[in-house]
Amino acid sequence: MSTNSRDHLDGKEFDLIYRHALNMGDIGICKWNIDKDEMYISEKITGYEFNNIKNMFQYLNAIVYHKDRELAIQDLEDYLNGHTIFYPSTFRVKSKTGEIKWVLIRGKIFQDENIKDKILHVLMLNVTGSKLHEGHDTMTNLVNHKFFLRKLKKAIATAKAQNKQGALIYIDIDNFVNINNNYGFQFGNLVIKEFSQSLSYILDDSCELAKFPGDKFMIMVYDFYDTGEIEEVCNKIYEYFKKPLEIMGNQIYINLSIGVTFFPKDSSDEIELLKFCDFAVSQSKLSGKNVYTIFNKADSYFRKTLIESEILNAIDNNEFFLLYQPKVDISSNRITSLEALIRWQNDKLGFISPGEFIHIAEGKGYIVQIGNWVLEEAIKTASLWKKKGYEFETISVNISPIQLKRKDFIPTLLSLCKKYNIPHSLLEIEITERTLMGTCEENVGIINDLIESGFRIAIDDFGTGFSNLISLIEFPISTLKIDKSIIDNIESEKNKLVFKSIVTLGKYLKFKIIAEGVETKEQLDILTKLGCNGIQGYYFYKPLPKEEIEKLLEKGV
Ligand code: C2E
Ligand code: CA
Ligand code: CA
C-alpha cells in the first residue's frame, strides 16, 4: 500500500526531538553496565553534574528526594531480583534549584551484543503536573493516595521492625461543598491549593503530607514518643485555620474534621488503618465538627461493624418490630394518629435503638429494604385496625431521604395500599425538616406527587434545620411536628414566640401542629396556652406494642 503520510520519524528528526526534550529537562537516560559497574548519565531534570557515580544505586541515592528514597531503592531491587519484568519506578527528585519534581522511570536489562555485558537501560521522564503519572496529585504536587499507600505499607513494616510508633492524621474539609457551590469549582481548586500549601508550611519536614481524593488530606508522622506530640500537630492545624484563607480577595473560613490512628498499634494493615481514619473522621463530624478524634478500637468501631453485619439478616430473622406512639388531640383528648417506630432486638447486640442503627443502615443502603418492611408492617396494621372498626385519622411512618429518592418509592406505596385495601389518606409520611431543606427539584416533584396521590405529609423535627418558615407555603403539608429541643425549653420567651408564630402560620395554611416529646404538665399547660392541641410525648403515651394500642383504641380513647 502506498501512502504519502509517514508514520515514523527518520533518525535525524528523532535525534532532534530527543535532544530538545533532553535540554528542556523533560527526559533523561542512563545506562548502567552491571558487570563492569560503570554508569552513563544524561539528564537535565535534576540539574546536577555527576562524577564518580558507578551504579544505579549510587545514582538513586544522589537524586531521589529523601522521603522517597527507600521506595525507589526497593523498586530497583525488586526488578534486579526478578520480581518485576521491567524496571518501573516513580519518585520525587529535588533539583539543584530546590524544586521538587516528579519522575517516572522505565528500564530494562539488555545484553550488549559486542561486549556481552548486562546493561540496564533507564529512561527517566519528568512528569511533574502531568496526568502521565501515578504517584502525585497534579493540582497540589503532593503525593497522591495510591503512592501514599505504598509508603504507608513500608512505614508500618519499618515501625514494627524498629519498635517505633507512627501516626496517621486524616483531614477532611467540612464545608468544602459549600465553597464549590458558592464560588465554583475553579475557585474550589484554588482553595485546595492554598490549603495544601498552608498545611505544608505548618508541618514539620519529617512528616509526609498526601492529597486524598476530593477535599481530604493525610499526614503521616513516621515516629513519635508521646500521643501529646500528635495532639499538638492537630491543635496547631486548628489554630492556624482559625484565620481565614485569603483567596482572590475573599476571606474563606475552613472547618476541619480530623481523625487520628496509630500504627502498628491500631493495625498493621494499611487498608484497615485508612478505614479506621475514616471512622475517626466521621466521629469528629458527629461530635460537632472542627474537632479531632483519636481512633479507639474499643469504642464504637466494632459495634458499628457488628451492626453492619448483623443488620443484613435482621429482616429474615424477624428481629425488627414496630411500636406505635399515639398523637393526642388535647381539645378532645383523643388519639388522632399513631406513629410507627422501629425497634431492633438482636442476640449478639441486644437492643439497638433506631437513633443508632438508622444512619448506619442509610450509609450501607440497607435502609430501603428496612423501610419497605416498616411500610408494609404499618400498612398491614392500619388495615387490620380499620377492619376492627377503630377510629383514628392516620398512621405515620418515618421515611429516610434515601427511600424518598428511589424511583420505585411511590409505586411501592401504591401497591401496598392496594394490597391491604387502605385509602391513601390513612398514611402520613414523616419527612424531616433536614430532608426537606436538602430538597432538590427532583424531591420537590416526589413530594408533590405524594400529595397529589392523596398521601399526607408531616414535617418532622421542625425547628432543628433553620429552614425558612415561608418555604412551607410551597407544599400543602398536613402536619408540622415541632422538635423536642424546642419543647424542652418552651418556657423561654424566645421559644414561646417561635411556637406562637408557627401556630398562627399553621392556622392560616391549614396544617396541624404537633409538639414532640412533651413530658410534663408544665409543658402541656404552656403549649395549650400557645394554642397547640396536638401532643406526642411520654406525658400521654410512650411508644407501645400493637396489643397495648389495640386496648386503647378498643376503649375509644
Ligand atoms: P422521631 O421520628 O423524631 O421519633 C420520635 C422519637 O422521640 C422516638 O424515638 C420516640 O420514642 C421519642 N419520644 C417520643 N416522645 C418522647 C418524650 O416525651 N420524651 C423523650 N425523651 N423521647 C420521646 P425513637 O423511637 O428512639 O426513634 C428515634 C428516631 O429514629 C426517630 O425520631 C426517627 O427519626 C428514627 N426512626 C424510628 N423509626 C424509624 C423508621 O421506621 N424509619 C426511619 N427511617 N427512621 C425511624
Ligand atoms: Ca418521626
Ligand atoms: Ca421527630
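Ligands are counted one by one from 1 in listed order, and the atoms in each one are counted from 1 as well.
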Problem set entry | 3.0 Å cut-off met by an N, O or S atom of Glu430 to the Ca ion (ligand 3) |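 Given the 3.0 Å cut-off, Glu430 does not count as a ligand of the Ca ion (ligand 3).
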
Problem set entry | Glu516 near the Ca ion (ligand 3) via N/O/S, less than 3.0 Å | yes

Give me the nearest non-hydrogen protein atom to [atom] as residue plus atom name, then the distance to 0.1 Å.
{"atom": "atom 5 (C) of ligand 1", "value": "Glu516 OE2, 4.2 Å"}
{"atom": "atom 26 (O) of ligand 1", "value": "Pro354 CG, 3.5 Å"}
{"atom": "atom 1 (P) of ligand 1", "value": "Asp460 OD2, 3.9 Å"}
{"atom": "atom 31 (C) of ligand 1", "value": "Leu341 CD2, 4.3 Å"}
{"atom": "atom 3 (O) of ligand 1", "value": "Asp461 OD1, 3.2 Å"}
{"atom": "atom 11 (O) of ligand 1", "value": "Pro543 CG, 3.3 Å"}
{"atom": "atom 42 (N) of ligand 1", "value": "Asn398 O, 3.4 Å"}

Would you say ligand 1 has an N or O under 3.5 Å from any N or O of [X]?
{"X": "Tyr538", "value": "yes"}
{"X": "Glu519", "value": "yes"}
{"X": "Ile342", "value": "yes"}
{"X": "Ser353", "value": "no"}
{"X": "Tyr539", "value": "no"}
{"X": "Arg343", "value": "yes"}

Any protein heavy-atom neighbour for [atom] (distance below 4.0 angstrom)?
{"atom": "atom 16 (C) of ligand 1", "result": "yes"}
{"atom": "atom 13 (N) of ligand 1", "result": "yes"}
{"atom": "atom 7 (O) of ligand 1", "result": "no"}
{"atom": "atom 34 (O) of ligand 1", "result": "no"}
{"atom": "atom 46 (C) of ligand 1", "result": "yes"}

Problem set entry | Chi angles and distances behind the side chain to side chain contact (heavy atoms under 4.5 Å, CB included) call for Phe263, Met220 | CA-CA 10 Å; Phe263 59 86; Met220 173 146 60; 3.9 Å; yes

For this session: Would you check, one step at a time, whether the test salt bridge (charged side-chain N to carboxylate O under 4.0 Å, His left out) holds for Lys285 with Asp174?
Result: CA-CA 8 Å; Lys285 283 192 192 288; Asp174 288 332; 2.8 Å; yes

For this session: Report the part of Gln325 in contact with ligand 1, treating N, CA, C, O as backbone and CB onward as side chain, heavy atoms under 4.0 Å; options are side chain, backbone, both, neither.
Result: side chain

When you compare the side chains of [X] and [Y], does any donor N or O come within less than 3.5 Å of an acceptor on the partner?
{"X": "Thr432", "Y": "Thr435", "value": "yes"}
{"X": "Tyr420", "Y": "Glu376", "value": "yes"}
{"X": "Ser396", "Y": "Glu430", "value": "yes"}
{"X": "Asn489", "Y": "Ser492", "value": "no"}

Determine whether the aromatic ring centres of [X] and [Y] lie less than 6.0 Å apart.
{"X": "Phe212", "Y": "Tyr170", "value": "yes"}
{"X": "Phe295", "Y": "Phe262", "value": "no"}
{"X": "Trp344", "Y": "Phe357", "value": "yes"}

Problem set entry | Charged tip of Lys304 within 45° of Phe302 ring normal and under 6.0 Å | no

For this session: Go through Phe241 and Tyr253 one step at a time and tell me if the ring-ring contact (aromatic ring centres under 6.0 Å, His included) criterion holds.
Result: CA-CA 7 Å; Phe241 290 103; Tyr253 284 90; over 10 Å; no

For this session: Looking at Asp461, pick out the N, O or S atom nearest to the Ca ion (ligand 3) and give its name.
Result: OD1

Seminar exercise, completed: Looking at Asp460, the N/O/S atom that lies nearest to the Ca ion (ligand 3) is called OD1

Exercise. Heavy atom of Lys481 under 4.0 Å from ligand 1?
Worked result: no

For this session: Test side chain to side chain contact (heavy atoms under 4.5 Å, CB included) on Val281 and Phe276 and set out the steps.
Result: CA-CA 9 Å; Val281 161; Phe276 291 168; over 6 Å; no

For this session: Start with the C-alpha gap between Asp329 and Ser331, add the side-chain angles, then the distance that decides, and say whether side-chain hydrogen bond (donor to acceptor under 3.5 Å, both in side chains) holds.
Result: CA-CA 6 Å; Asp329 179 278; Ser331 57; 2.6 Å; yes

Seminar exercise, completed: Closest to the Ca ion (ligand 2), among the N/O/S atoms of Glu339, is atom OE2

For this session: Please test Lys327 against Lys481 for side chain to side chain contact (heavy atoms under 4.5 Å, CB included), starting from the C-alpha separation and ending with a verdict.
Result: CA-CA 11 Å; Lys327 301 175 189 175; Lys481 301 183 71 179; 3.8 Å; yes

For this session: Output the distance between atom CG (Leu527) and atom NZ (Lys496), rounded to the nearest 0.5 Å.
Result: 10.5 Å

Problem set entry | Aromatic ring pairing Trp385/Phe392, orientation class (parallel under 30°, perpendicular over 60°, tilted between) |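 Perpendicular: the ring planes of Trp385 and Phe392 meet at over 60°.
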
Exercise. Quick check: does Asn398 put an N/O/S atom under 3.0 Å from the Ca ion (ligand 2)?
Worked result: yes

Exercise. Quick one: which ligand 1 atoms are inside 4.0 Å of a heavy atom on Glu339?
Worked result: 2 (O), 4 (O)

For this session: Any atoms of ligand 1 less than 4.0 Å from a non-hydrogen atom of Gly537? List them with their elements.
Result: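 By the 4.0 Å cutoff, the relevant atoms are 15 (N), 18 (O).
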
